[in-house]
Each structure stands twice: as structure tokens, then as C-alpha cells.
Amino acid sequence: MLISRPESALADLLRLHLGTASLALPEVIDTRLMIEQWAVQHVDAPEAMEVMRSALDSMEAAASFEEFVDHDVTFHMGVALLSGNRLLAATMRALRQTIHAYSVSAVRAAGRTDVLMADHWRIYELVGARDGQGAARAVADHLAHAYPSLTGEGPARSGDPA
């Protein structure tokens, strides 16, 4: 199963760990940070930019917070896909599946997505400009905006999280 459908096996494993409290949400966020920062600095599959752009357009047109988060997941999958590393992308998919309900709840509680959208566009533009270092900083800034209570950024800002 791990060989034929690695993302499904990883998602199940992470859900199990979170369900038993052996894997804390900050660990998931730290892992996302490592994956996404590495991916934007090691672009080997620039066609993933199309996935990111399509997700941006869909996020802007989203009719609900749930729909916004669904497209946000696609955007961040595109970020992971930039590296061309399938295991990295499968790990990202598993991480995002694990925290999906948390993300929807947090976006709904914030009531807006403008800060997150600005972050997404910044990441996209920096990757397109081949500014890996700048894109890595933008990823860190985005996750700090998305998860302020988990990243030491203080109380939630408008546009939390995705």
C-alpha cells in the first residue's frame, strides 16, 4: 500500500498519531515549513506553477471558507510539487489532510482571507522570479500568519489560517 498509494498511507499514519496525541500540531506546521521552504528553493518542476496559479484563481472565487481551504490545499500541494519530489508531495498531502478540519475552523473563525491571499500571491510571484530565498521567507511569513498561536506570532490576525 505504501508503494502504490503513499499519500493515503501517510495520511492514515499521521491521523493515527494526531488522534493519539503523539504528534502535536506545531510539529505538523514545522514539517510543512521545512517541506515548503525546501521546495521553493529547489524548483525542478516549474510546471507546478500552473497548479499554484489555478488554485489562486479558485481561492479568490471561493464561495465559502471550506472551498477556500480546499483550494488552499491545492496551492500548497503545488508548492510541494515544485521540487519534483513525489515523496515530498505525498508527505505534504498527508499533512494537509491531517489538519484540514482545523484549517477550515480557523479560517471560519477569522472571517476573512485577505492576509492569506496576499501571502499566497507573494509566494507565487517570488517563485516565478526564481527568488528561492525570498520565497522561503514568504513561506515562513505565511505560516506565521496562518498559525500565529503556534509560531509565536501572538494573537490571531485577520485572515488566519490556511
Side-chain angles (χ1 to χ4, degrees), residues 7 11 14-15 18 23-43 45-83 88-162:
E7 67 278 356
L14 287 172
R15 270 196 290 277
L18 281 176
L23 185 61
L25 191 55
E27 293 173 301
V28 174
I29 304 310
D30 286 346
T31 303
R32 274 191 61 189
L33 178 64
M34 288 183 276
I35 289 171
E36 293 189 52
Q37 285 188 317
W38 190 86
V40 298
Q41 293 180 76
H42 297 88
V43 176
E47 62 276 8
M49 291 287 291
E50 294 173 26
V51 173
M52 295 167 64
R53 177 57 196 242
S54 177
L56 285 168
D57 293 340
S58 296
M59 279 188 283
E60 287 187 340
S64 68
F65 295 125
E66 294 82 1
E67 186 179 348
F68 176 87
V69 172
D70 289 344
H71 297 301
D72 174 80
V73 169
T74 302
F75 176 85
H76 290 281
M77 284 304 305
V79 171
L81 290 167
L82 287 168
S83 69
L88 198 74
T91 302
M92 176 61 87
R93 180 174 288 112
L95 292 171
R96 289 308 307 253
Q97 288 173 352
T98 301
I99 62 171
H100 189 270
Y102 174 84
S103 296
V104 170
S105 175
V107 170
R108 187 180 297 119
R112 49 192 290 196
T113 58
D114 56 332
V115 171
L116 299 176
M117 281 306 303
D119 288 347
H120 289 123
W121 278 109
R122 185 170 164 232
I123 293 165
Y124 176 80
E125 290 166 359
L126 290 166
V127 169
R130 299 288 194 249
D131 181 355
Q133 292 296 322
R137 281 190 303 278
V139 165
D141 291 346
H142 172 61
L143 291 178
H145 295 156
Y147 303 100
S149 63
L150 299 176
T151 59
E153 293 295 315
R157 294 177 39 163
S158 64
D160 288 348

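This chain uses plain numbering: 1 for the first residue, then up along the sequence.
- In this pair, Trp38 and His42 present their aromatic rings parallel. The plane angle is below 30°, not in the 30 to 60° band.
- With contacts defined as side-chain heavy-atom distances shorter than 4.5 Å, the pair Ile123/Phe75 qualifies.
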key: Criterion side chain to side chain contact (heavy atoms under 4.5 Å, CB included) on Val139 and Val40, from CA distance to verdict   = CA-CA 9 Å; Val139 165; Val40 298; 4.3 Å; yes
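- In this structure, the side chains of Val127 and Val79 stay at 4.5 Å or more apart for every pair of heavy atoms.
- Under the 3.5 Å distance criterion, the side-chain polar atoms of Ser105 are left unmatched by any main-chain donor or acceptor of Ala101.
- Put simply, the side chain of Ser103 gets close to the backbone of Ile99: a donor and an acceptor are under 3.5 Å apart.
- Taken from CD in Glu125 to CE in Met52, the straight-line distance is 10.0 Å, to the nearest 0.5 Å.
- Within the 4.5 Å cutoff, side-chain heavy atoms of Glu60 are placed close to those of Trp121.
- Contact annotation: the side chain of Leu82 approaches that of Met49 to within less than 4.5 Å [non-hydrogen atoms, C-beta and beyond].
- Counting heavy atoms from C-beta outward, Arg130 and Pro46 have side chains that approach closer than 4.5 Å.
- The two residues Met77 and Ala89 make their nearest non-hydrogen contact at CE-O, 3.2 Å.
- Remark: side-chain polar atoms of Thr113 are not paired, donor with acceptor, to backbone N or O of Leu116 under 3.5 angstrom.
- Rounding to the nearest 0.5 Å gives a distance of 9.0 Å between CZ of Arg93 and OG1 of Thr74.
- With sequence neighbours left out, Ala140 forms a side chain to side chain contact (heavy atoms under 4.5 Å, CB included) with Leu33, Gln37.
- In this structure, the separation between CG on Asp30 and CD1 on Ile35 is 11.0 Å, given to the nearest 0.5 Å.
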Candidate pair Asp57 and His71, rule side chain to side chain donor-acceptor pair (under 3.5 Å), full reasoning = CA-CA 9 Å; Asp57 293 340; His71 297 301; over 6 Å; no
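- His142 places no side-chain N or O within 3.5 Å of a backbone atom of Ala138 that could act as its donor or acceptor partner.
- We find that Arg137 and Asp141 are not joined by a salt bridge, their nearest charged nitrogen and carboxylate oxygen being 4.0 Å or further apart.
- Here the side chains of His120 and Asp72 are in contact, with some heavy-atom distance below 4.5 Å.
- The heavy-atom pair separating Leu88 from Ala80 by the smallest distance is CD2-O, 4.1 Å.
- By the 4.5 Å heavy-atom criterion applied to side chains, Arg32 and His76 are counted as neighbours.
- The distance from the CZ atom of Arg96 to the CG atom of Asp70 is 9.5 Å, given to the nearest 0.5 Å.
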